[in-house]
Each structure stands twice: as C-alpha cells, then as structure tokens.
**Student:** 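Once you've had a glance at the structure underneath, I'll fire off some questions.
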Amino acid sequence: MAEDDSYDPHHAIVGGHRIPLPVLGILRDNALCYFDDAWLLREFPEYVAADDILTGMEMFDDDGGHWRVRAVRRASPAPGPRRWWQFWPFWKAPNAILEFDLDRLDQIGFPAVRDRIIKLTKVAMADDDPEDRKEVLANLRRAEDLKDLAEELGLPDHMGFFD
C-alpha cells in the first residue's frame, strides 16, 4: 500500500493507519526513536534499511496508540554504488524511503509508557554518575507527554533516529 504524500503536521500515515504525532519507538535492542514529523517515519539512513533495524519496533503515540512494526518494505530503490564526488564532506548520503506493516496492539496509557522508559533509562545509565542519573530519572517522572520524555533524553536532537 502506498503511503499518503499529503502533509499533516499532527499525523503520519503509516502502514495505512493515521497515527498522531509525536511517536516514540522502542527498537528490539531497547534503543529509542522519536518521530515528531511524518517524514521521520518514512526516511531513514540507508544502514537502517539494510540492517532491518526497525522490524519489531514498538511505537507509542500520545493518544495511547500502541503499535508493533511487523514488516518493513523499501519504497525507494536501493542506491547504487557511490560515485567519487559523493564522498565529499558535504554530500549527504541518500536516505531510504521505507513503508511499515503495523500490528495495532492494546492501547496503553502514557503513565505506563513513561514507566517503561524510566526502566530502560535506569539500565542505560547504570554506570553513569548517580547524581546525574537521579536528576534524569526525576525529570522523566515529571514528564507529561512523549515530547517531554524525548526532550529529557535528547532524542529530538538526533532527527528522530537515535543511534
């Protein structure tokens, strides 16, 4: 199914579903992704497409929507070999345009998503300075929506995909 190319700043059409933005994703390895614009749910660095990183990702929206990515398809052809001029420092490698097949899961409230992110953050920060960890976790507990969680973790600074 082709994705809808019309732009809506508050929703993304993903796998035929109209999903409110922002969306927080948890990959199979528990890495986090943040998508606050529809194009971030379509365009990914080529290595993401090649390594099938997104299959199995759980996605959460602010309206309680809960999804799992069942399959990922390439909507754009894989780029061919890079030319010599594509190695210049200011050349941006082409992104892969991807489409998802989604399974809708049971709705989940924001407090449950926040608790899950806090647990993942505790594990990720286990070796960090205890005072830093305490401050980050306190800020996450005060978060009122996905945007607050993402901002505390610095996810918007990574253009959606946190690697």
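Keep in mind it's a predicted model, so treat the numbers as computed, not measured.
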**Student:** Using side-chain contact (heavy atoms from CB on, under 4.5 Å), reason through Ile117 and Leu32 one step at a time and then give a plain yes or no.
**Tutor:** CA-CA 9 Å; Ile117 299 304; Leu32 301 175; 3.7 Å; yes

**Student:** Indicate the atoms forming the closest heavy-atom contact of Ala96 with Arg74, along with that distance.
**Tutor:** CB-NH1, 3.6 Å

**Student:** State, to 0.1 Å, how close Ala143 and Phe110 come at their nearest heavy-atom pair, and which atoms those are.
**Tutor:** O-CE2, 3.3 Å

**Student:** Quick one: does Asp61's side chain have a donor or acceptor within less than 3.5 Å of a partner on Gly64's backbone?
**Tutor:** yes

**Student:** Nearest 0.5 Å, what's the CG-CH2 distance between Leu105 and Trp67?
**Tutor:** 9.0 Å

**Student:** Which pairs count as salt bridge (Lys or Arg N to Asp or Glu O under 4.0 Å) when at least one residue sits in residues 109-130, sequence neighbours excluded?
**Tutor:** Glu58-Arg116

**Student:** Say you draw a straight line from CZ of Phe60 to CG of Leu146; how long is it, rounded to the nearest 0.5 Å?
**Tutor:** 9.0 Å

**Student:** How far apart are the C-alpha atoms of Asn30 and Leu120, what are their side-chain angles, what is the distance that settles it, and do they pass the side-chain contact (heavy atoms from CB on, under 4.5 Å) test?
**Tutor:** CA-CA 7 Å; Asn30 291 326; Leu120 292 173; 3.5 Å; yes

**Student:** Considering only heavy atoms from C-beta outward, does the side chain of Arg68 approach that of Leu102 to under 4.5 Å?
**Tutor:** no

**Student:** Distance check, rounded to the nearest 0.5 Å: Glu144 atom CD versus Leu149 atom CG?
**Tutor:** 10.5 Å

**Student:** Would you check if the side chain of Asp51 reaches a backbone N or O of Ile53 as a donor-acceptor pair within less than 3.5 Å?
**Tutor:** no

**Student:** To the closest 0.5 Å, what do you measure between CD1 (Ile19) and CG (Asp62)?
**Tutor:** 12.5 Å

**Student:** Check step by step if side-chain contact (heavy atoms from CB on, under 4.5 Å) holds for Arg70 and Thr55.
**Tutor:** CA-CA 6 Å; Arg70 178 176 5 101; Thr55 301; over 6 Å; no

**Student:** Between Asp101 and Arg73, is there a salt bridge with N-O shorter than 4.0 Å?
**Tutor:** yes

**Student:** Measure the spacing between NE2 of His17 and NE2 of His11 and express it to the nearest 0.5 Å.
**Tutor:** 14.0 Å

**Student:** Search all heavy atoms of Tyr34 against all heavy atoms of Pro22 and return the closest pair with its distance.
**Tutor:** OH-CB, 3.4 Å

**Student:** Does some side-chain heavy atom of Asp36 sit less than 4.5 Å from a side-chain heavy atom of Lys147?
**Tutor:** no

**Student:** So, taking the atom named CD in Glu99 and the one named CD1 in Ile13, what distance separates them when rounded to the nearest 0.5 Å?
**Tutor:** 12.5 Å

**Student:** Check whether Ile97 and Val72 end up in the same hydrophobic cluster, where Ile, Leu, Val, Met, Phe, Trp and Tyr are linked by side-chain heavy atoms less than 4.5 Å apart.
**Tutor:** no

**Student:** Test side-chain contact (heavy atoms from CB on, under 4.5 Å) on Leu155 and Leu24; report intermediate values, then the result.
**Tutor:** CA-CA 10 Å; Leu155 297 177; Leu24 184 70; 3.8 Å; yes

**Student:** Considering non-hydrogen atoms only, spot the tightest contact between Ala38 and Leu21 and give its length.
**Tutor:** N-CD1, 3.6 Å

**Student:** Return the minimal non-hydrogen interatomic distance between Met59 and Val23, and the atom names on each side.
**Tutor:** CB-CG1, 3.8 Å

